[in-house]
Amino acid sequence: MRRTTQVIGQSGAFLDALERASRAAALDRPVLVIGERGTGKELVAERLHHLSPRWSQSLVTMNCAALPETLIEAELFGHEAGAFTGATKARAGRFEEADAGTLFLDELGTLSMGAQERLLRAVEYGEVTRIGSSRAMTVDVRIVAATNEHLPDRVDAGTFRADLLDRLSFEVVTLPPLRARRSDIPVLAEHFGRRMASELGHDEFVGFGPKATEALMDYRWPGNVRELRNVVERAVYRWEEAGPIDAIEIDPFHSPYRPGTAKPATRDEAPERKPRDMPAEDTPVVACEEGPSDFKARVARFERELLARTLAEHRFNQRATAEALGLSYDQLRHALRRHDLIGAVA
């Protein structure tokens with residue numbers, strides 16, 4: 001069944017990515033879709049399938065990160081009865097299910113080296129062998145894969161096979177993050193708002209007021225379109241006043257009572273709200289910190305903590321980290337070396 005989720009956007013960066021995907025759809029070649037979480041990688045994979053000559057056949061999806069390593073190969077290639085503990089009957093793998101259609105491998109970078117080796121053979125020769133069987137089967141499958149990592153860095157680190165990357169990257173579609181397509185924010189917010197209002201049975205969607213619009217436009221959206229949808233839908237269902245919605249809560253976890261707060265707010269103190277982009281880790285370097293007032297040491301300490309935290313937020317993807325910090329890739333690499341953080345991203 002085809003999903004009703006739409007691909008929405010008007011910015012040049014987003015339309016360029018869609019155009020590249022649309023042109024690649026007609027070719028029976030692998031496509032790699034790159035993008036941060038929430039940028040719509042699965043929607044682009046569906047577009048690649050439905051615009052291809054295989055549109056009438058199956059689109060089979062497998063999230064490589066959702067399964068333990070011991071089961072990934074069984075899911076991909078299938079198994080015979082008795083092949084391992086719990087395998088009470090034979091089962092076809094995702095390659096067999098996608099025969100004559102498209103196999104979408106999400107979170108490709110999480111595959112183990114062993115699974116990568118078997119995947120390479122399946123892609124290269126069009127053959128799969130069920131676990132517990134000695135008979136290879138021929139399959140006709142188009143591969144579309146997605147990841148939020150810069151896989152050439154993984155190849156350099158020795159954790160991703162260079163030959164597999166070469167085979168899967170006939171075309172690479174890189175989806176821009178929402179902060180790089182700011183003109184799409186009001187368009188998407190209007191779409192999600194109208195859809196939520198309809199779901200709630202409202203006669204009309206009242207739109208957003210200036211404060212809400214400013215809040216939506218000023219935020220960096222690390223969760224991209226998925227996060228924007230949650231924020232907008234939450235605002236619509238919470239709004240109980242007449243007129244346009246003018247209250248936006250970006251962080252649903254904000255509360256003066258949240259666990260782990262070092263100093264609970266007293267009755268006479270208004271709780272201080274911290275932006276989501278400035279977590280408690282920033283506090284060790286404030287100006288009133290006790291201890292030696294060495295300016296250079298504090299600046300270096302802050303820079304190191306900022307680098308380490310931003311790397312973790314972007315799953316140690318160096319290019320995404322550089323973009324988030326407003327640095328070039330070379331500038332980021334230089335900073336990581338200076339603070340002895342290269343080992344943290346290897």
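Just the heavy atoms: all of them, side chains too, but no hydrogens, waters or symmetry mates, feed the values below.
When side chains are defined from C-beta on, Gln318 counts as touching Asp153, because their heavy atoms get closer than 4.5 Å. Residues Leu120 and Arg161 meet the side-chain proximity criterion, which asks for heavy atoms closer than 4.5 Å. Considering only heavy atoms from C-beta on, Val144 stays 4.5 Å or farther from His49 through its side chain. In this structure, Leu311 and Leu336 have side chains that are in contact, with non-hydrogen atoms separated by less than 4.5 Å. In this structure, Phe208 and Ile248 have side chains that are in contact, with non-hydrogen atoms separated by less than 4.5 Å. When side chains are defined from C-beta on, Val7 counts as touching Leu18, because their heavy atoms get closer than 4.5 Å. Counting heavy atoms from C-beta on, the side chains of Arg229 and Arg195 come closer than 4.5 Å. Put simply, the side chain of Trp221 does not reach to within 4.5 Å of the side chain of Arg179, judged on heavy atoms.
Each of Val31 and Leu164 belongs to its own hydrophobic cluster when Ile, Leu, Val, Met, Phe, Trp and Tyr are linked at side-chain heavy-atom distances under 4.5 angstrom. Leu43 and Val172 sit in two unconnected hydrophobic clusters of ILVMFWY residues. Membership requires side-chain heavy atoms under 4.5 Å apart, directly or through other members. Ile245 and Val187 fall within the same hydrophobic cluster, defined by Ile, Leu, Val, Met, Phe, Trp and Tyr side-chain heavy atoms under 4.5 Å apart, directly or through other members. Leu216 and Val236 fall within the same hydrophobic cluster, where Ile, Leu, Val, Met, Phe, Trp and Tyr residues are linked whenever their side-chain heavy atoms come under 4.5 Å apart, directly or through other members. Under a hydrophobic-cluster definition in which Ile, Leu, Val, Met, Phe, Trp and Tyr are linked whenever side-chain heavy atoms come within less than 4.5 Å, directly or via other members, Phe160 and Phe170 are assigned to different clusters.
In the model, Tyr237 has no side-chain atom that pairs as donor or acceptor with a side-chain atom of Glu199 under 3.5 Å. Between the side chains of His339 and Glu303, a donor-acceptor pair is found at a separation under 3.5 Å. Using modelled atom types and a 3.5 Å distance limit, the side chains of Thr39 and Asn224 yield no donor-acceptor pair.
Under 4.0 Å is where a charged nitrogen must lie from a carboxylate oxygen, and between Arg54 and Asp28 at least one such pair does. Between Glu96 and Arg130, at least one side-chain N (NZ, or NE/NH1/NH2) sits under 4.0 Å from a carboxylate O, which counts as a salt bridge. Note on Lys41 versus Glu107: no salt bridge recorded, every NZ/NE/NH1/NH2 to OD/OE distance being 4.0 Å or above. Note on Arg238 versus Glu249: salt bridge recorded, some NZ/NE/NH1/NH2 to OD/OE distance being below 4.0 Å. A salt bridge does not link Arg121 with Glu117: every distance from a Lys NZ or Arg NE/NH1/NH2 to an Asp or Glu carboxylate oxygen is 4.0 Å or more. Ion pairing between Glu124 and Arg167 holds under the 4.0 Å rule for side-chain N and carboxylate O.
Ring centroid separation for the pair His79 and Phe84 comes in under the 6.0 Å cut-off.
For the pair Thr213 (side chain) and Pro210 (backbone), a donor-acceptor distance under 3.5 Å is absent. With hydrogens and angles ignored, the 3.5 Å screen pairs a side-chain donor or acceptor of Asp99 with a backbone N or O of Asp140. Side chain of His202 to main chain of Ser198: no donor-acceptor pair is present (N/O by atom type, distance under 3.5 Å, no hydrogens or angles). No donor-acceptor pair under 3.5 Å is formed between the side chain of Asp106 and the backbone N or O of Met62.
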Q: Dump the intermediate steps for salt bridge (Lys or Arg N to Asp or Glu O under 4.0 Å) on Arg309 and Glu305, then the final yes or no.
A: CA-CA 6 Å; Arg309 185 175 69 252; Glu305 289 179 357; 5.7 Å; no
Q. Leu111 and Leu119: side chain to side chain contact (heavy atoms under 4.5 Å, CB included), yes or no, with the steps?
A. CA-CA 9 Å; Leu111 285 179; Leu119 176 60; 3.7 Å; yes
Q) Step by step, would you call Asn230 with Phe192 a side chain to side chain contact (heavy atoms under 4.5 Å, CB included)? A) CA-CA 9 Å; Asn230 286 339; Phe192 294 136; over 6 Å; no
Q: Go through Arg135 and Thr129 one step at a time and tell me if the side-chain hydrogen bond (donor to acceptor under 3.5 Å, both in side chains) criterion holds.
A: CA-CA 6 Å; Arg135 180 175 63 88; Thr129 304; over 6 Å; no
Q.
side chain to side chain contact (heavy atoms under 4.5 Å, CB included), that's the test. Do Ile131 and Glu73 meet it? Break it down for me.
A. CA-CA 8 Å; Ile131 295 176; Glu73 292 189 40; 4.1 Å; yes
(Q) Between Leu188 and Val225, is the side chain to side chain contact (heavy atoms under 4.5 Å, CB included) condition met? List the steps. (A) CA-CA 8 Å; Leu188 288 162; Val225 178; 4.1 Å; yes
Q.
Show, in sequence, the C-alpha distance, side-chain angles and deciding distance for Glu75 and Arg91, and conclude whether the salt bridge (Lys or Arg N to Asp or Glu O under 4.0 Å) test is met.
A. CA-CA 9 Å; Glu75 285 291 322; Arg91 181 185 172 189; 2.9 Å; yes
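A cation-pi arrangement is present between Arg118 and Phe77, with the terminal nitrogen or guanidinium carbon under 6.0 Å from the aromatic centre and inside a 45° cone about the axis.
Residue Ala180 comes nearest to Ala13 through the heavy atom pair O-CB, 4.3 Å, listed as atom of the first residue, atom of the second, then distance. Considering all non-hydrogen atoms of both residues, Val231 and Ile250 come closest at CG2-O, 3.8 Å. The two residues Val206 and Gly243 come nearest to each other via the heavy atoms CG2-O, 3.3 Å. Considering all non-hydrogen atoms of both residues, Val232 and Gly193 come closest at CG1-N, 3.5 Å. Ala25 and Leu51 get closest at one heavy-atom pair: CB-CB, 3.6 Å. Scanning all heavy atoms of the two residues, the minimum distance from Arg142 to Ser52 falls at NH1-CB, 3.8 Å.
To the nearest 0.5 Å, atoms CG (Leu151) and CG (Asn317) are separated by 9.0 Å. Note: Arg258 CZ to His254 NE2 = 7.5 Å, rounded to the nearest 0.5 Å. Rounding to the nearest 0.5 Å places CG of Leu332 at 12.0 Å from CD of Glu323. Summarising the geometry, atom OG1 belonging to Thr61 is positioned 8.0 Å from atom CG belonging to Leu103; distances are rounded to the nearest 0.5 Å. Here the OG atom belonging to Ser328 is positioned 10.5 Å from the NE2 atom belonging to His334, to the nearest 0.5 angstrom. Considering CG of Leu105 and CG of Asn63, their distance stands at 10.0 Å, rounded to 0.5 Å.
Here the options are Val33, Leu48, Leu59, Val44, the test is side-chain contact (heavy atoms from CB on, under 4.5 Å), and the partner is Phe104; only Leu59 passes. For the side-chain contact (heavy atoms from CB on, under 4.5 Å) criterion with Pro222, the lone passing option out of Arg37, Glu36, Glu313 is Arg37.
Listed by chain and number, the residues in a side-chain contact (heavy atoms from CB on, under 4.5 Å) with Ala247 are Trp239 (sequence neighbours excluded).
Counted within 6.0 Å of CZ on Arg29, heavy atoms from surrounding residues, nucleotides or ligands total 12 or fewer; the atom is thus considered open.
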